[in-house]
Amino acid sequence: MTIPSVALGGPLDMPLLGFGTWQIRGSAAYDAVLKALEAGYRHLDTATMYGNEAEVGRALRDSGVPRDEVFLTTKLPPDRAGQERATLDASLEALGVEAVDLWLIHWRPGRGKSVPVWREFLAAREQGRARAVGVSNYGLDDIDELVGETGEKPAVNQIRWGPTLYEAKVVSGHRERGVVLEGYSPFKTTNLADDVLTRIAAAHDVDPARVVLRWHLQHGIVVIPKSVTPERIARNAQLDGFTLTDEQMTEIDNLSRL
Ligand SMILES: NC(=O)c1ccc[n+]([C@@H]2O[C@H](COP(=O)([O-])OP(=O)(O)OC[C@H]3O[C@@H](n4cnc5c(N)ncnc54)[C@H](OP(=O)(O)O)[C@@H]3O)[C@@H](O)[C@H]2O)c1
């Protein structure tokens with residue numbers, strides 16, 4: 001399986017398919033991440049808030065996949081504003097790595113705090129403790145504030161995304177700013193029994209979940225499905241061997257409720 005990537009600047013490439021780990025803890029998190037790496041995922045998404053960084057790190061080490069072949073993201077909870085350095089130290093220690101590939105501000109911190117936190121993120125990147133830094137759940141105005149104050153854009157904005165949330169102007173707004181759009185909750189935001197998805201899936205002899213994931217890839221949007229079910233973990237990564245037509249892409253775009 002070949003997973004396309006997007007360049008984040010310099011030599012750093014971010015695979016468009018990652019494995020989400022929210023609400024998976026303890027041995028379930030270890031088992032799921034190990035299975036994901038076996039199935040070919042080379043991008044893992046965790047967060048301080050998920051409480052599973054130690055299991056994600058242990059599964060990564062035990063998988064035998066070299067560290068430099070896996071893109072690793074974690075996130076700072078907004079209530080840790082002012083404790084950025086200690087929070088990243090704890091993440092790196094739990095994950096058992098010297099640096100993460102991407103460190104995100106999980107949600108916009110309260111009034112007046114977004115820019116100071118962003119300056120700490122830029123410092124962490126300069127120190128090599130995060131190869132790239134970005135944000136999550138930010139609006140385009142929030143991104144413009146960071147760029148206006150520091151001259152540095154987030155590499156990535158991770159937001160809730162799926163066919164029902166599709167907005168061409170959100171895609172183009174990120175592209176114009178050179179910020180990679182990363183979607184989360186691709187299935188929770190989608191009715192996988194939808195007629196359009198079911199028909200397109202049957203035409204390609206795949207399941208609707210893969211149609212949703214393939215739709216992200218063909219838009220150049222990063223997607224990070226989560227599953228604890230071994231068969232689904234493997235199947236969700238089987239995204240080559242079929243291509244959605246332009247017409248099918250438009251039909252899926254039109255599932256948007258916005
Ligand atoms: N930045 C943020 O604020 C934020 C917020 C939410 C999520 N995220 C990230 O995004 C990741 C993904 O989002 P998510 O966990 O909210 O939800 P999701 O990936 O949209 O959906 C997960 C659900 O879909 C089910 N599922 C997985 N594969 C399936 C398939 N092939 N067919 C049918 N159902 C399937 C899973 O069930 P089983 O597990 O039982 O198989 C689970 O119930 C998270 O894990 C996290 O890493 C980030």
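The figures here come from the full heavy-atom set of this structure, side chains too, leaving out hydrogens, waters and symmetry mates. Counting convention: from 1, in listed order, for ligands and their atoms alike.
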Heavy-atom closest contact (P186 atom, V212 atom, distance):
O-CG1, 3.9 Å

Minimum heavy-atom distance R232-Y41, with the two atoms named
O-OH, 4.5 Å

Give the C-alpha distance, both sets of side-chain angles, the deciding distance and a yes or no for ring-ring contact (aromatic ring centres under 6.0 Å, His included) between W215 and Y166.
CA-CA 11 Å; W215 171 82; Y166 177 77; 5.8 Å; yes

Residue set satisfying side-chain contact (heavy atoms from CB on, under 4.5 Å) with V228, at least two apart, ordered chain then number -> I24, K226

Under 3.5 Å, N/O to N/O: give me all the pairs between ligand 1 and the protein, one per line with atom names and distance.
residue	atom	partner	partner atom	Å
ligand 1	1 (N)	S136	OG	2.8
ligand 1	1 (N)	Q158	OE1	2.8
ligand 1	3 (O)	H106	NE2	3.4
ligand 1	3 (O)	N137	ND2	2.9
ligand 1	8 (N)	Y50	OH	3.4
ligand 1	13 (O)	S185	N	3.1
ligand 1	16 (O)	S185	OG	2.7
ligand 1	16 (O)	K188	NZ	2.9
ligand 1	19 (O)	K226	N	2.9
ligand 1	20 (O)	P186	N	3.1
ligand 1	20 (O)	F187	N	2.7
ligand 1	20 (O)	K188	N	3.0
ligand 1	28 (N)	N236	ND2	3.0
ligand 1	31 (N)	N236	OD1	3.0
ligand 1	37 (O)	R232	NH1	3.0
ligand 1	39 (O)	K226	NZ	2.8
ligand 1	39 (O)	V228	N	2.9
ligand 1	41 (O)	S227	OG	2.6
ligand 1	41 (O)	T229	OG1	2.6
ligand 1	41 (O)	R232	NH1	2.9
ligand 1	45 (O)	T21	N	3.1
ligand 1	45 (O)	W22	N	2.9
ligand 1	47 (O)	T21	N	3.3
ligand 1	47 (O)	D45	OD2	2.6

Tell me whether E152 at atom CD has more than 12 heavy atoms from other residues, nucleotides or ligands lying less than 6.0 Å away.
yes

Closest heavy-atom pair, F19 versus A36, reported as atoms and distance to 0.1 Å, is CG-CB, 3.6 Å

